[in-house]
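Quick caveat, the model's predicted, so the values are computed rather than measured. So you know, we letter chains A, B, ... as the sequences are listed, proteins then strands, and number each from 1.
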There are 2 protein chains.
Amino acid sequence: MADMDHALQPPARLRGLASWQASKVSTLGARLTARRMPLGARADFAVLAALEEYGALSQAEIGRRLGLDRNDVSGILNRLEDCRRVDRQADPANRRRNVVTLTAAGRRHLEQLQQHADAVQAELLAGLDTAEQRQLQALLAKLLDSHKPQPA
Amino acid sequence: MADMDHALQPPARLRGLASWQASKVSTLGARLTARRMPLGARADFAVLAALEEYGALSQAEIGRRLGLDRNDVSGILNRLEDCRRVDRQADPANRRRNVVTLTAAGRRHLEQLQQHADAVQAELLAGLDTAEQRQLQALLAKLLDSHKPQPA
DNA sequence: AACCAACGTTGGCTTGTCCAACATAGCAGG
DNA sequence: CCTGCTATGTTGGACAAGCCAACGTTGGTT
């Protein structure tokens, strides 16, 4: 038994490697998310959340805030616009830009996704007590802040 | 200034979402890794580390310990075998299995990759002090342990 | 003998991340 | 004015990771 437990452990060289750990936690989160959310909902959630918090944004601003490429923002907005969850119009003040706005349907969809996200969050962090969960979130946030300039 | 800082922040709905944070940290680690390591070296490192720590393994065991699919293990081993970094032979005791062994070249390559991994690790965690780094690693390890049964 | 489970392989599909090229629009210099 | 330079949005494709399906082989069970 103890032998089998030991046999299933990942090697020590990986157990303490933060980039490997983060990758595994990330795919774990992706699996849990996939069970509850419709297809491609993760990116949608991020974009809708940005619009809800900051109001109208250009696509480039969305990308900068979320760490996404312009290209991918474009595709996500196509999906969202098809479902009438965002409104995309040329900015009269700067015709290079598109002003993206959250619609009522988009706001409703955001709240739905938020519930799924909360459920996934609880499931993912179930093995940690409340204090540990907050610690983990704080440490990850600090780590990400320290790398802010880099993302595209 | 403070305005612009605020403008670049991701929305609050995401900042505290562990699955989103982990995903971002993961891609950050991938970016840092890609700058130093040859192509496809992350999976190679994991497999070589497993062989170094546990000795000869079957492909299925490698997959279980690393949370990888059999399919992907197969491909990784093709790469490693082409470079003579592992040896793959049918198990005489159970002809379904392949016994995978680390070669001297594989061991050398592992140590090289370990150095790169250490550098990436340091860069990734640079924004945290030593105590915070250990805390983060411990919390991630505990989280992963709590989900052990699930991975394929 | 017949059935089922495990193993390794091939092939393909989906996400997420990223890069290159293009056309348009604003801006700065002369 | 005209000439670059930058920013923006779009299209297309490359690439790694993760996953699933199917197949043939082998081992174990009944």
message = Is there a side-chain contact between V100(A) and D87(A) in this structure, where contact means two heavy atoms from C-beta onward sitting under 4.5 Å apart?
response =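 The answer is no, as the side chains (C-beta and beyond) never meet within the 4.5 Å cut-off.
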request  = Only one of V86(A), L77(A), L110(A), I76(A) passes side-chain contact (heavy atoms from CB on, under 4.5 Å) with D44(A); say which it is.
outcome  =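 The passing option is I76(A).
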ask   = Given that N71(A) and T27(A) both sit by DNA chain D, which one's nearest nucleotide is further toward the 5' end?
value =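 Whichever sits nearer the 5' end wins; that is N71(A).
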inquiry  = Judged by each residue's nearest nucleotide on DNA chain D, which is more toward the 5′ side, K24(A) or R96(B)?
reply    =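 The residue closer to the strand's 5' end, by nearest nucleotide, is K24(A).
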message = Under 4.0 Å from OP1 or OP2 of dT26(D): is there any side-chain N or O of R97(B) that close?
response =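 It does not, given that no N or O in the side chain of R97(B) lies less than 4.0 Å from OP1 or OP2 of dT26(D).
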query = Does N78(A) make a side-chain N or O approach to OP1 or OP2 of dG9(D) shorter than 4.0 Å?
reply =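 Answer no for this pair, as no side-chain N or O of N78(A) is under 4.0 Å from OP1 or OP2.
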What is the distance, to the nearest angstrom, from the [atom1] atom on [X] to the [atom2] atom on [N]?
X      : N       : atom1 : atom2 : answer
I76(B) : dA16(D) : CD1   : C1'   : 11 Å
E61(B) : dA6(C)  : CD    : C1'   : 12 Å
R64(A) : dG9(D)  : CZ    : C1'   : 12 Å
L32(B) : dC18(C) : CG    : P     : 11 Å
L77(A) : dT8(D)  : CG    : P     : 15 Å
Q59(B) : dT10(C) : CD    : C1'   : 13 Å
L66(B) : dC19(D) : CG    : P     : 13 Å
L28(A) : dG18(D) : CG    : P     : 11 Å

Could you please name the option among [options] that lies closest to any side-chain atom of [X]?
X      : options                   : value
A60(B) : dT17(C), dC18(C), dG8(C)  : dG8(C)
N94(A) : dG16(C), dG26(C), dT8(D)  : dG26(C)
R31(A) : dG18(D), dT17(C), dT9(C)  : dG18(D)
R70(A) : dT10(D), dC18(C), dT25(D) : dT10(D)

key: Inter-residue atom distance S146(A).OG - L128(B).CG, 0.5 Å rounding   =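 Between S146(A) OG and L128(B) CG, I get 6.5 Å after rounding to 0.5 Å.
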key: Nearest-nucleotide 5' precedence on DNA chain C, S74(B) against R79(A)   =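 Mapping each residue to its closest nucleotide by heavy atoms, the 5'-most match is S74(B).
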key: First of G40(A) and P92(A) reached from the 5' end of DNA chain C, by closest nucleotide   =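 Of the two residues, G40(A) wins.
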request  = Tell me whether the guanidinium CZ or amine NZ of R13(B) lies under 6.0 angstrom from the six-membered ring centre of F45(A) and within 45° of its axis.
outcome  =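 Judged by the rule, R13(B) and F45(A) form no cation-pi pair.
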ask   = For D72(A), which contact category applies under a 4.0 Å heavy-atom criterion: base, sugar-phosphate, or nothing?
value =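 D72(A): base contact, heavy atoms under 4.0 Å.
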request  = Would you mind telling me which of N78(B), N98(B), T101(B) makes a side-chain hydrogen bond (donor to acceptor under 3.5 Å, both in side chains) with R88(B)?
outcome  =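 Of all the options given, the one that passes is N78(B).
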ask   = On a plain distance test, is the side chain of R95(A) in donor-acceptor contact with the base of dA25(C) below 3.5 Å?
value =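 No such pair is found, so the answer is no.
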